[in-house]
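Starting from 1, each residue takes its place in the sequence as its number.
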Amino acid sequence: MRDASQVFISNSGTEANEAAIKFARKVGRSLDPSGAKHEVVSFHNSFHGRTMGALSATPNPKYQTPFSPMLPGFKYGNYNDVEQLQTLITDKTCGVIVEPIQGEGGVNVATPEFLVALRKRCDEVGAVLVFDEIQCGLSRTGTFWAHAHPSLAPASGEAAHPDILTSAKALGNGIPIGATIVSGKTVAEHIKAGDHGTTFGGNPLVCRVAHHIVERLGSSELQNSVEVKSAQLVSGLEALQKKNPGVISQIRGRGLILGVQLSPEYTAKASELITAARERGMLIITAGDGCLRFVPPLTITEDQIKTALKILEQSFDAVVKA
């Protein structure tokens with residue numbers, strides 16, 4: 001994010017996204033005082049948080065229905081669908097929020113073409129582009145920010161960069177902190193003192209912790225180790241896929257945010273596989289429909305990966321062949 005100039009510090013990822021939504025709305029109001037430019041676009045299978053604004057940008061009935069109706073002014077599109085963008089993102093759009101790699105939705109990776117098309121369309125209509133890197137950022141892919149991963153660079157031209165970038169989770173390594181980073185060129189001039197606030201956000205303790213964490217996560221040594229460990233884990237998952245033909249349909253992700261997609265006839269077995277793994281000493285979780293999600297600590301060792309793969313193999317033997 002080359003134009004980053006300011007950051008709003010909050011207490012969590014959902015608060016970081018709430019700030020991003022408010023800032024997008026403020027930019028829209030500045031560009032069009034009538035208030036017509038207020039719509040926020042997000043994408044199916046996304047997850048942006050559980051407060052009402054972030055939840056309204058998370059089109060998942062499981063999360064939304066108990067608290068409906070959602071806030072007005074939110075529209076939803078299909079992830080990685082370039083063709084829809086001309087009609088989805090209009091002059092009424094103030095902001096577009098997207099995860100470069102969807103976590104909760106099934107570890108789906110954005111195509112470079114999709115992100116570039118989003119950037120272009122947002123520029124055309126004067127909308128703010130928000131990258132939610134709360135789960136996929138901070139070196140989890142092997143690059144500091146997921147949108148800067150080489151695999152997301154287009155075949156020609158410049159890679160897409162956001163106007164706002166949100167971060168949390170790893171930022172505090174267990175200490176509550178979120179961050180909404182804004183561009184000095186397209187956002188900062190529209191945000192004035194008093195537009196947003198927080199009681200505890202930015203307190204000296206969490207900021208000092210986060211400062212140390214960012215130094216650690218920004219080291220090339222750690223990032224290179226993520227690439228090495230990712231290759232080891234993916235290789236093991238591919239071997240498991242070969243051993244269980246017809247059970248695992250796809251392995252997705254980058255770095256150490258990976259998903260093992262079960263074939264349609266085995267998606268119902270996902271919870272059983274998670275239980276079997278837990279009983280053998282490994283914690284994993286699902287994402288999307290029948291996808292096993294792997295987001296281990298970036299400091300995981302190669303021996304621990306070997307142990308995890310062995311447990312996973314035993315779990316598949318117990319559940320699939322039962």
Side-chain angles (χ1 to χ4, degrees), residues 42-48 58-66 76-81 98-111 114 134-136 140-142 146 149 151 169 226 229-298 300 302-322:
S42 60
F43 297 92
H44 292 290
N45 296 316
S46 64
F47 183 86
H48 298 295
T58 302
N60 186 327
K62 179 175 72 171
Y63 298 120
Q64 288 188 343
T65 301
Y76 311 126
N78 296 318
Y79 197 67
N80 280 334
D81 183 347
V98 64
E99 299 159 274
I101 300 177
Q102 291 183 330
E104 181 75 18
V107 195
N108 304 306
V109 182
T111 64
F114 180 61
I134 289 165
Q135 185 167 151
C136 63
R140 181 148 289 280
T141 61
H149 195 277
S151 67
K169 293 192 188 296
V226 168
K229 294 166 187 175
S230 175
Q232 179 190 2
L233 183 52
V234 169
S235 177
L237 294 174
E238 289 174 342
L240 186 65
Q241 184 180 28
K242 289 180 181 177
K243 185 181 177 183
N244 295 273
V247 179
I248 298 173
S249 64
Q250 194 177 18
I251 297 166
R252 299 190 291 260
R254 298 287 186 275
L256 289 176
I257 174 169
L258 299 169
V260 170
Q261 180 63 53
L262 301 177
S263 302
E265 56 267 39
Y266 288 96
T267 56
K269 296 281 189 180
S271 60
E272 294 179 50
L273 284 166
I274 287 175
T275 299
R278 185 180 69 245
E279 290 171 346
R280 289 163 175 78
M282 180 173 69
L283 297 177
I284 53 175
I285 194 171
T286 56
D289 185 16
C291 179
L292 305 179
R293 179 172 21 167
F294 297 83
V295 281
L298 304 188
I300 191 172
E302 294 181 24
D303 284 342
Q304 287 170 334
I305 292 175
K306 289 179 183 177
T307 300
L309 289 168
K310 184 176 181 181
I311 289 174
L312 194 62
E313 182 179 14
Q314 292 170 349
S315 301
F316 268 79
D317 287 344
V319 173
V320 174
K321 297 178 180 178

Looking only at atom types and distance, does a side-chain atom of [X] sit under 3.5 Å from a main-chain N or O of [Y], one as donor and one as acceptor?
X: Q261; Y: G290; answer: yes
X: Y79; Y: F114; answer: no
X: S230; Y: V226; answer: no
X: T141; Y: R254; answer: no
X: S235; Y: Q232; answer: no
X: S46; Y: S42; answer: no
X: S263; Y: V247; answer: yes
X: T267; Y: P264; answer: yes

Hey, does [Y] have a side-chain heavy atom less than 4.5 Å from the side chain of [X]?
X: Y63; Y: E104; result: yes
X: I101; Y: N108; result: no
X: K229; Y: I300; result: yes
X: C291; Y: R252; result: yes
X: V295; Y: L256; result: no
X: L283; Y: R278; result: yes
X: R293; Y: Q135; result: yes
X: F294; Y: V260; result: yes

If you measure from [atom1] on [X] to [atom2] on [Y], what distance do you get to the nearest 0.5 Å?
X: E279; Y: Q314; atom1: CD; atom2: CD; answer: 12.0 Å
X: K269; Y: L292; atom1: NZ; atom2: CG; answer: 13.5 Å
X: K242; Y: L237; atom1: NZ; atom2: CG; answer: 12.5 Å
X: C136; Y: H149; atom1: SG; atom2: NE2; answer: 11.0 Å
X: N45; Y: D289; atom1: CG; atom2: CG; answer: 9.5 Å

Ignoring hydrogens, what is the shortest heavy-atom contact between [X] and [Y]? Give both atom names and the distance.
X: S315; Y: A276; answer: OG-C, 3.5 Å
X: A287; Y: G103; answer: CB-O, 3.3 Å
X: Q241; Y: I248; answer: NE2-O, 3.2 Å
X: P297; Y: R140; answer: CA-NH2, 4.4 Å
X: T286; Y: A270; answer: CG2-CB, 3.9 Å

Return all side-chain donor-acceptor pairs below 3.5 angstrom for residues 305-313, not counting sequence neighbours, or 'none' if the list is empty.
unit_1: T307; atom_1: OG1; unit_2: D303; atom_2: O; d: 3.1
unit_1: E313; atom_1: OE2; unit_2: K243; atom_2: NZ; d: 2.6

### Query
Between E238 and V234, does a side chain to side chain contact (heavy atoms under 4.5 Å, CB included) hold up when you go through it step by step?
CA-CA 6 Å; E238 289 174 342; V234 169; 3.6 Å; yes
### Message
Could you walk me through whether L273 and L262 satisfy the side chain to side chain contact (heavy atoms under 4.5 Å, CB included) test, starting with their C-alpha distance in whole Å, then the side-chain angles of each, then the deciding distance to 0.1 Å, before giving a yes or no?
### Response
CA-CA 11 Å; L273 284 166; L262 301 177; 3.8 Å; yes
### Task
Assess the pair Y266 and F316: is the distance between their ring centroids shorter than 6.0 Å?
no
